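Working notes, structure below.
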Number of protein chains: 2
Amino acid sequence: MTSLAHPQQGQPTPLPARLPNMQALRAFEAAARSGSFTRAAEELYLTQSAVTYQIRNLEDYLGTSLFQRLHRGIRLTNAGRAVYNDISRGLALIGESLTSVSGAPGATRAISRRMEDAPDPPSA
Amino acid sequence: MTSLAHPQQGQPTPLPARLPNMQALRAFEAAARSGSFTRAAEELYLTQSAVTYQIRNLEDYLGTSLFQRLHRGIRLTNAGRAVYNDISRGLALIGESLTSVSGAPGATRAISRRMEDAPDPPSA
DNA sequence: ATTTCTTACGCTCAACGTAAGTATC
DNA sequence: GATACTTACGTTGAGCGTAAGAAAT
């Protein structure tokens, strides 16, 4: 018999061997949304320098620039625009789900103590 | 005038102030999918110890356990099952998008050099 | 001069491996 | 003894802040 105990999908599209850091994704998302590294830094309670660092990381990882650096502020490149929506939605999906399990008004936390941690009955 | 230059959505559901590390999410995803920290570690080219560390991080972050530790292997708790699909899909969304911009057969990279890095015409 | 992105540099701690521990079979 | 998760501990490098630089207005 093949295992039925754990999630299975058809061809789940294997993830890339390495994914960028969460901080890089968040910095990108905030910068793209706000159009400014400075505002992204404020929003994330970081310095400009940290945002620059993470964005550069992400651009190096991709081998493509994500923003045009303008005299005043920034602008998404085509590549940047191409990934912005997916990154944004991916982060939102993850963030909402985690929030529902942790931050929610007690609901999920309380419920989660009902029975799922009960050990398996002895297999014999 | 309000800025039209950057992405705008209605109420994009603000992300939580802090999100777990990418490594923690990946470790969770691999462990949940494989039903084993050991197999997750192999898949991610890490040690068991590193996987345990990241999973514990994630559980601490959430304040909830995500796996039952069984005699042999692990099992998702209700909370774990509740977040697995969203985390999995979120990571997949991000991974695919990034791959399409970086790893793709030259397409996006090549196209991306066409015109998007052209500077703005002087604003005067 | 002001604003905004970039770079240099140093510090801290998260992430990890190794190795020992625990528990079940 | 074998398998698998956990814990202790030391090392290393990513992530960050401070501060100085560059470029445009």
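First the proteins, then the strands, lettered A, B, ... as listed; each starts at 1. It should be emphasised that the depicted structure is a prediction, and the values quoted were computed from it without experimental measurement.
The two residues B:Ser102 and A:Leu62 make their nearest non-hydrogen contact at CB-O, 3.3 Å.
At a threshold of 4.0 Å, the pair B:Arg69-B:Glu59 counts as salt-bridged, since one of the basic side-chain nitrogens sits closer than that to a carboxylate oxygen. The residues B:Glu29 and B:Arg33 are annotated as salt-bridged, a charged nitrogen and a carboxylate oxygen being separated by less than 4.0 angstrom.
Nucleic acid contact class of A:Tyr53 (heavy atoms, under 4.0 Å, all strands): base. B:Ser49 comes within 4.0 angstrom of a base, heavy atoms only.
With C:dC16, D:dT6, D:dC16 as the choices, the nucleotide that has an atom nearest any side-chain atom of A:Ala50 turns out to be D:dC16. In the set C:dC5, C:dC16, D:dA4, C:dC16 carries the atom at the smallest distance from any side-chain atom of B:Gln23. Considering only the side chain of B:Leu46, C:dG17 comes nearest among C:dT7, C:dG17, D:dT6. When the nucleotides D:dA24, D:dT6, D:dA14 are ranked by their closest atom to the side chain of A:His71, D:dA24 comes out on top. The listed nucleotides are C:dT6, D:dC5, C:dG17; the one nearest the side chain of A:Phe37 is C:dT6.
Residue B:Thr47 places no side-chain N or O under 4.0 Å from the OP1 or OP2 atom of C:dT18.
Going from atom CG of B:Asp60 over to atom P of D:dT7 covers 10 Å, rounded to whole Å. Taking atom CD of A:Gln68 as the reference point, atom P of D:dA24 lies 15 Å away to the nearest angstrom. Protein atom CD of B:Glu42 is 11 Å distant from nucleotide atom C1' of D:dA4, rounded to whole Å. The distance from atom CG of B:Leu70 to atom P of C:dT22 is 21 Å, rounded to the nearest whole Å. The nearest whole Å value for the distance from the CG atom in B:Asn57 to the P atom in D:dT7 is 13 Å. Going from atom CZ of B:Arg69 over to atom P of C:dT22 covers 18 Å, rounded to whole Å. The distance between atom CD of A:Gln54 and atom C1' of D:dG17, rounded to the nearest whole Å, is 13 Å. Here the P atom of nucleotide D:dC16 and the CE atom of A:Met22 are 13 Å apart, to the nearest Å.
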### Query
Can you check side-chain contact (heavy atoms from CB on, under 4.5 Å) on A:Met22 and A:Leu91, steps first, answer last?
CA-CA 9 Å; A:Met22 186 57 68; A:Leu91 291 180; 3.7 Å; yes
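Residues meeting the side-chain contact (heavy atoms from CB on, under 4.5 Å) test with B:Ala50, sequence neighbours left out: B:Leu46, B:Thr47.
Between A:Arg56 and A:Arg72, the one whose closest nucleotide on DNA chain C sits nearer the 5' end is A:Arg72.
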